[in-house]
Amino acid sequence: PTASTIVYSTDHEVTSNFTASTQGSALGPWILTTNAANAYSGSKYWHSAEIDLGGQNSLLTTSTQIAIPANANLVFIHKFATEVAFDGGVVEVSTDNGTNWVYIPTAKFIKGGYTGIIPTANNPYIGAARLAAFTGASPGYITSIAKLDNYSGMNLLIRFRMTSDATGGTATGADIGWSIDDVLIL
């Protein structure tokens with residue numbers, strides 16, 4: 001993308017413009033990590049480990065609202081390794097400064113969409129309904145693009161929600177959990 005098409009951009013190297021919090025146990029919050037070998041670009045990225053003790057939602061939210069122009073897309077570069085159908089991540093937006101959150105559904109992804117379903121029977125922290133999520137393992141960093149056309153002319157907060165069940169089990173491999181590096185709105 002050219003500089004004139006970028007509405008919002010962070011690679012977390014100088015400032016992150018994100019805040020981290022948890023719902024449920026506080027064992028696996030998002031952590032701004034410095035490790036060039038595991039980052040997509042530069043050396044900094046956010047990581048939420050997959051923690052299955054107590055169950056939780058780890059929340060990574062933009063610090064300020066972003067004005068969304070017509071035909072905007074959310075682009076993010078990420079990788080994940082989670083217990084398939086039990087743990088994973090979803091993307092949500094808020095138009096009221098974080099009071100209410102709306103799930104970005106599968107149909108809005110035009111590239112790198114959700115990889116599976118997390119049923120509430122497996123993980124009640126996913127929400128009241130079973131949701132598609134980034135679950136299982138990605139083949140390293142991938143680019144996901146979601147259309148934000150429903151939010152044209154609005155100010156949004158964007159949230160990445162990593163959810164873990166309480167029953168145990170784990171994914172295998174290095175860097176278990178969800179890692180978010182570059183985030184853009186074009």
Side-chain angles (χ1 to χ4, degrees), residues 10-12 16 18-62 73-93 101 103-120 122-127 130-146 158-185:
T10 184
D11 62 3
H12 315 294
S16 173
F18 277 86
T19 57
S21 61
T22 58
Q23 295 172 334
S25 76
L27 297 173
W30 286 94
I31 297 171
L32 185 58
T33 305
T34 302
N35 181 337
N38 284 335
Y40 174 77
S41 66
S43 63
K44 294 183 180 178
Y45 63 99
W46 284 93
H47 180 75
S48 180
E50 179 186 345
I51 303 292
D52 279 341
L53 300 172
Q56 71 174 11
N57 284 315
S58 293
L59 312 172
L60 183 64
T61 308
T62 51
N73 292 319
L74 169 65
V75 179
F76 57 102
I77 300 173
H78 62 120
K79 66 180 178 177
F80 52 93
T82 67
E83 184 184 10
V84 68
F86 285 84
D87 305 321
V90 298
V91 183
E92 299 166 321
V93 296
W101 291 94
Y103 167 79
I104 299 289
T106 301
K108 289 295 178 183
F109 281 91
I110 57 177
K111 180 178 180 179
Y114 297 127
T115 56
I117 301 291
I118 300 178
T120 55
N122 290 359
N123 182 348
Y125 287 93
I126 194 66
R130 56 188 260 135
L131 292 179
F134 296 107
T135 186
S138 63
Y141 275 100
I142 63 170
T143 300
S144 292
I145 302 173
I158 297 167
R159 176 167 86 176
F160 298 96
R161 179 168 60 97
M162 169 69 183
T163 182
S164 298
D165 69 312
T167 60
T170 189
T172 59
D175 223 12
I176 295 171
W178 195 13
S179 298
I180 307 280
D181 202 328
D182 301 355
V183 179
L184 303 96
I185 294 180

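F86 and I118 get closest at one heavy-atom pair: O-CG2, 3.9 Å. Counting all heavy atoms, side chain and backbone alike, P119 lies closest to A85 at CD-O, 3.5 Å. Annotation for T143 and V75: closest pair CG2-CG1, 3.9 Å, computed over non-hydrogen atoms. Smallest separation of non-hydrogen atoms from L32 and S16: CD2-CB, 4.4 Å.
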Next item on the list: Applying side-chain contact (heavy atoms from CB on, under 4.5 Å), run through T62 and T10 and close with a yes or a no.
Entry: CA-CA 10 Å; T62 51; T10 184; over 6 Å; no

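H78 and S138 form no side-chain donor-acceptor contact under 3.5 Å, judged by distance and modelled atom types alone.
A side chain to side chain contact (heavy atoms under 4.5 Å, CB included) with L74 is found for exactly one of V93, V183, I104, I145, namely V183.
Panel note: side chain D87, backbone D165; a donor-acceptor pair is recorded below 3.5 Å. Between the side chain of H47 and the backbone N or O of I176, at least one donor-acceptor pair lies under 3.5 Å. Panel note: side chain R161, backbone T61; no donor-acceptor pair is recorded below 3.5 Å. Between the side chain of D181 and the backbone N or O of Y40 there is at least one donor-acceptor pair closer than 3.5 Å. No donor-acceptor pair closer than 3.5 Å links the side chain of Y45 to the backbone N or O of D182. Side-chain atoms of T135 do not come within 3.5 Å of backbone N or O of A133 as any donor-acceptor pair.
In this structure, the side chains of N122 and E83 stay at 4.5 Å or more apart for every pair of heavy atoms. Using a 4.5 Å heavy-atom threshold, the side chains of I142 and K79 count as separate. Put simply, the side chain of F160 reaches to within 4.5 Å of the side chain of F76, judged on heavy atoms.
Aromatic ring orientation, F134 versus W178: tilted (interplanar angle from 30° to 60°).
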